[in-house]
Number of protein chains: 2
Amino acid sequence: MNSDMLIRITRYYRALNRLRAIGLEKVFAHNLSDAAGVSAAVVRKDFSILAIHGQKRGGYEITELIDKLSALLGKGEPQNVIVVGCGRIGKALMHYSGFEPDGIRVVAGFDTDPIVYSDASHPVPVYPLSRIEEVIEALDVRVAIITVPEASAADTAEKLMEAGIRGILNFSPITLKPRPVAEGENPCVIHNINIALELEQIFYQLQFPDAIKG
Amino acid sequence: MNSDMLIRITRYYRALNRLRAIGLEKVFAHNLSDAAGVSAAVVRKDFSILAIHGQKRGGYEITELIDKLSALLGKGEPQNVIVVGCGRIGKALMHYSGFEPDGIRVVAGFDTDPIVYSDASHPVPVYPLSRIEEVIEALDVRVAIITVPEASAADTAEKLMEAGIRGILNFSPITLKPRPVAEGENPCVIHNINIALELEQIFYQLQFPDAIKG
DNA sequence: GATAAAATGTGATTGATGTAACATTAACTG
DNA sequence: CAGTTAATGTTACATCAATCACATTTTATC
């Protein structure tokens, strides 16, 4: 499995849920192809790799597809996350309602500033960072979103990993890297979202339209 | 040029600026390799492709590198962006100060809600969406950040493109695709950031640690 | 029932990209 | 001044994913 493929799977999954909501029962590769923005051959090949089979000329059964994909995507497990750093972006994420359809719940926030974590107006409880271990154990959390300032991002990530966090979505502008672990152990899964970098890439592509392929 | 390569270039560029700030004048491939998280061979190969040459055993001159990379990245052009949709995330981005080092400026916000665009407490002027054409012409803007709700994202993108926006950074959960254009024309450059999708990927990778390569 | 059409499923090919090995050049050292 | 070391620069290779073409199977139609 490739990370591009994982993204496609997720798109299939969403499209399928929409289609089921409309009342459809069967789906063809070219339907999903439209929804996911890829060719129909890719859809079939993905399913082929995943050992998901349809009926020739009959397409795929939506319910069966959804079941298999949701097992594959690990749906059903509790997907709790915390937000570390309750500045503007952190607060926005704590209020964000777009996670619900995916079964993801923001269950707590953390901040080092007493003014912030004593404020009771947050949509979820906010704790001082020092209580991190206790809280993530109580709430069964393994994934954190980092929205702290650049200067404290590396330290924060370190603290989180020590406390038992296994996955990090990092919005700070420095690129966090998983530290090397012993053979057989799994490193922390880190995704970095760098907004400024994305904008830079857009500006670049506008200036040199033919420079990028893909 | 590849989009992965572009990301690497940008990382080199940042690392170089930090190194220059410290007072260094020369840099070796393995220094940048550490900073960008790639192997030294990749750094040399990238520079080789870009026709950037160093001195054997002497490394590369930082100033020269920065000059060439900044020309390559299109620095120096005004990099003005607007934020369309001034909810929590939109507001957070209007306040965000992390763009400055990269020469990116948020110059205006847009919203359809009169309560929002009449509020004077924003860090940049906020206009009704209907004034989009007029404003982007006056401010020389070609790139927009979309932070509107899912339901209005597609329409908003359509309006922006009609108004002359050429690049979009989309935070809404639907994946925007550039519409096909005539031969010779350049399609709108669109980057989609889907936070829920990123989290889903992290959860997946945690559940199946060996499933993903890359 | 024969034929055509419409879909899946897969094997082969292509293309691109990262990796590594090696050749090359410059500087340092005794 | 010779030898060694430390860096660049390039070539060749291996890997991986996307694409295409085509075989296969099922259904529809006359």
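In what follows, chains carry the letters A, B, and so on, assigned in the order in which the sequence lines appear, proteins first and then strands, with residues in each chain numbered from 1.
- When the P atom of D:dA17 is taken as reference, atom CD1 of A:I9 falls 13 Å away, rounded to whole Å.
- When each of B:L32, B:L65, B:L69 is paired with B:Y13, the side chain to side chain contact (heavy atoms under 4.5 Å, CB included) condition holds for B:L69 and for no other.
- Atoms CG (A:D4) and C1' (D:dT19) sit 15 Å apart, rounded to a whole Å.
- Of the residues in residues 26-56 of chain A, A:V42, A:K45, A:K56 come within less than 4.0 Å of DNA chain D through at least one heavy atom, sorted by number.
- Using a 30° and 60° split on the angle between ring planes, A:F47 and A:Y12 fall in the perpendicular class, above 60°.
- Counting only heavy atoms from C-beta on, B:N2 has its side chain closest to C:dG18 among C:dG18, D:dT8, C:dT8.
- Scanning all heavy atoms of the two residues, the minimum distance from B:K91 to B:C86 falls at CE-O, 3.7 Å.
- Atom CZ of B:R57 is separated from atom C1' of D:dT8 by 12 Å (rounded to the nearest Å).
- Between B:E200 and A:K75 a salt bridge is recorded (basic side-chain N to carboxylate O distance below 4.0 Å).
- The only member of A:T156, A:N194, A:N192 that meets side-chain hydrogen bond (donor to acceptor under 3.5 Å, both in side chains) when paired with A:N170 is A:N192.
- Between B:E64 atom CD and D:dT8 atom C1' there is a gap of 14 Å when expressed in whole angstrom units.
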Quiz item: Which is it for B:I136 and B:I82 under the side chain to side chain contact (heavy atoms under 4.5 Å, CB included) test, yes or no, and what are the steps along the way?
Solution: CA-CA 8 Å; B:I136 68 175; B:I82 54 174; 3.9 Å; yes
